[in-house]
Chemist: 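Here's a structure for you.
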Protein chains: 2
Amino acid sequence: MDRRPGQRAGLTRERVLAAAHELLGAGGVDGLTMRALARRLEVAPNALYSHVPGKTALLDAVIDEVLAQVEVPAMDVADPVTGLHALMCSTYDVLLGHPDLVPLYLARNGARGANARHLGDVMLALLDRAGLREARAREALSVLIVYTIGFAAFTTGPPIDVPDPEPRAEQMRENFDSGLRWLLAGITAPSMRA
Amino acid sequence: MDRRPGQRAGLTRERVLAAAHELLGAGGVDGLTMRALARRLEVAPNALYSHVPGKTALLDAVIDEVLAQVEVPAMDVADPVTGLHALMCSTYDVLLGHPDLVPLYLARNGARGANARHLGDVMLALLDRAGLREARAREALSVLIVYTIGFAAFTTGPPIDVPDPEPRAEQMRENFDSGLRWLLAGITAPSMRA
DNA sequence: AGCTTAGTTGGACGGCGTACAGTTCGCAAG
DNA sequence: CTTGCGAACTGTACGCCGTCCAACTAAGCT
């Protein structure tokens, strides 16, 4: 801090979020502290509070930002179930790209930011095209979200006792896929369609 | 602390774990700190370290302890799928009884303690009787565990935006049940049986 | 030119987990 | 019955954490 009080440091909400993102990638959740963030931006810790309400809000923002990477299938995709499958797989992959973030994600159970809401809307639209409305649709929505985040959390956790993690990741990917197909089959079974 | 150094306080690993359990129930995860725990046991914070290696280990122990409450179906239950269903539902209910614990549970992804291992073995045995072996069985195991813990995490999280949480809990319980049935149906579909 | 206001700093508060050294007791061996 | 030892416990301290407050300064508007 070779700056005297009052001198601007060029801080922005965007710059703060970006730095937070980097810290998260480098040192995991434990590495992301207000002080470390300030250090990286060459600023006093308190300066952050002019751009972010607090740590919780910052985490929420970062979490939601990550969801922007999810590939949303075209709304007019031929088969809505295929679209849902692709959407959930993409979400799963994105989550795997930010392992330390997943537990947080789950603790807040599913970010409530703009991106999260958008994904939810897309899913509801696809479910609608698959024949599910209202309560049924919300039910299916919960199940799919929970399953995906839960599986990501499970996958990104510390390796249980297997020797090398490489085939494990692939194995988990397949497990995820299997379960997802079962769920989708159940969701769109004839008895479910209103 | 009206005790001078060296005087025994009658601490035991069991007493410590029990107090931790109580604190967890009363104040959630945030309420469980080494210092608060020591305060409740009328002891200096460091005294705990004679009975527990550290906070992480303590949490692991408490987490695994909770799993003891899960009702394990009789091994010779008529239908293994029904047994699995009952087992997962009991697990879900137990988890709901300790809301603040669930995120931790997921972060460590499924306790690795004695009780957790036992439950895993029971599930594998039931899956075996349902016709699943080896890789298939492990696959199904992952899916079921992830689904259950994930759903519990989702349910115990802060209410999204619904007005009153009472019907929500019931709703979620039904959602859980629906998804679970779909999963079990998929797992035991003819194509899966070796 | 002067005033307002937003951005930033130094410092502090209360809390956390836990390491280190010292004190004191219970208990087994002599 | 003494002695010695190891385990339990305390006091103190270190280095973190998130966040609030008052002071200060620079930029921008009038």
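Residue numbers begin at 1 in each chain, while the letters A, B, ... track the order of the sequences.
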Chemist: Expressed in angstrom and rounded to an integer, what is the separation of A/L59 atom CG from D/dC17 atom P?
Modeler: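 After rounding, the gap between these two atoms is 14 Å.
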Chemist: Using atom CG of B/L37 as one end and atom P of C/dC16 as the other, report the distance to the nearest whole Å.
Modeler: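 Taking CG of B/L37 and P of C/dC16, I get 11 Å after rounding.
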Chemist: Output the single nucleotide from D/dT19, C/dA19, C/dG17 whose closest atom is nearest the side chain of A/Y49.
Modeler: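 Nearest to the side chain of A/Y49 among the choices is D/dT19.
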Chemist: Rounded to the nearest 0.5 Å, how far apart are CG of B/N46 and CZ of B/R35?
Modeler: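 The CZ atom of B/R35 is 8.5 Å from CG of B/N46, to the nearest 0.5 Å.
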Chemist: Counting only side-chain heavy atoms from C-beta out, which of C/dG17, D/dA8, D/dT10 sits nearest to B/R35?
Modeler: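 Shortest atom-to-atom distance from the side chain points to C/dG17.
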Chemist: Any base atoms under 4.0 Å from B/T33, or only sugar-phosphate, or nothing? Heavy atoms, all strands.
Modeler: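 Since only primed, P, OP1 and OP2 atoms lie under 4.0 Å of B/T33, the category is sugar-phosphate.
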Chemist: Given atom CG of B/L23 and atom P of C/dG17, what is their separation to the nearest angstrom?
Modeler: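 That distance rounds to 11 Å.
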Chemist: Measure from the side chain of B/L11, starting at C-beta and using heavy atoms only, and say which of D/dT19, C/dG10, D/dC9 lies closest.
Modeler: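 Nearest to the side chain of B/L11 among the choices is D/dC9.
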Chemist: Provide, to the nearest angstrom, the distance between the CZ atom belonging to B/R39 and the P atom belonging to C/dG17.
Modeler: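 For the pair B/R39 CZ and C/dG17 P, the rounded distance is 10 Å.
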Chemist: Checking contacts here: which listed nucleotide (D/dT10, C/dT18, C/dT9) is nearest the side-chain heavy atoms of B/P45?
Modeler: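 That would be C/dT18.
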Chemist: B/R13 has an atom CZ; how far is it from atom P of D/dA8, in whole Å?
Modeler: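 Distance check: B/R13 CZ to D/dA8 P gives 13 Å.
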Chemist: In whole Å, I'd like the distance from the NZ atom of B/K55 to the C1' atom of C/dC16.
Modeler: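 The distance from NZ of B/K55 to C1' of C/dC16 comes to 8 Å, rounded to the nearest Å.
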Chemist: Got a second to check how far A/L48's CG is from A/L41's CG, nearest 0.5 Å?
Modeler: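 If I round to the nearest 0.5 Å, the distance is 6.5 Å.
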Chemist: Ignoring backbone atoms, test whether B/Q7 places a side-chain nitrogen or oxygen under 4.0 Å from the OP1 or OP2 oxygen of D/dC9.
Modeler: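 No.
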Chemist: Expressed as a whole number of angstroms, how long is the span from A/L41:CG to C/dG7:C1'?
Modeler: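 After rounding, the gap between these two atoms is 14 Å.
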Chemist: B/L32 has an atom CG; how far is it from atom C1' of C/dG17, in whole Å?
Modeler: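 Going from B/L32 (CG) to C/dG17 (C1'), I get 12 Å.
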Chemist: Quick test of your reading of the model: are B/E139 and B/R136 salt-bridged, counting only N-O distances below 4.0 Å?
Modeler: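 Salt bridge between B/E139 and B/R136, a charged N being under 4.0 Å from a carboxylate O: yes.
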Chemist: Counting only side-chain N and O atoms of B/H51, is one of them less than 4.0 Å from OP1 or OP2 of D/dC9?
Modeler: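 B/H51 to D/dC9 OP1/OP2: side-chain N or O found under 4.0 Å.
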Chemist: Thinking salt bridges, do B/R117 and B/D121 make one under a 4.0 Å N-O criterion?
Modeler: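 Result for this pair is no, no salt bridge flagged.
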Chemist: Let me spell it out: for each of B/G10 and A/N46, pick the nucleotide of DNA chain D with the closest heavy atom. Which residue's pick is nearer the 5' end?
Modeler: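 Comparing both residues, the 5'-ward one is B/G10.
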Chemist: Looking at C/dG26, does its base get a donor-acceptor pair with the side chain of B/R8 below 3.5 Å?
Modeler: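 Counting by modelled atom types and ignoring angles, no donor-acceptor contact under 3.5 Å is found here.
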Chemist: Assign B/A47 to base, sugar-phosphate, or nothing according to its heavy-atom contacts below 4.0 angstrom with the strands shown.
Modeler: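 Base contact.
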Chemist: Centre-to-centre under 6.0 Å for B/Y147 and A/F151, is that the case here?
Modeler: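 That pair fails the under 6.0 Å test.
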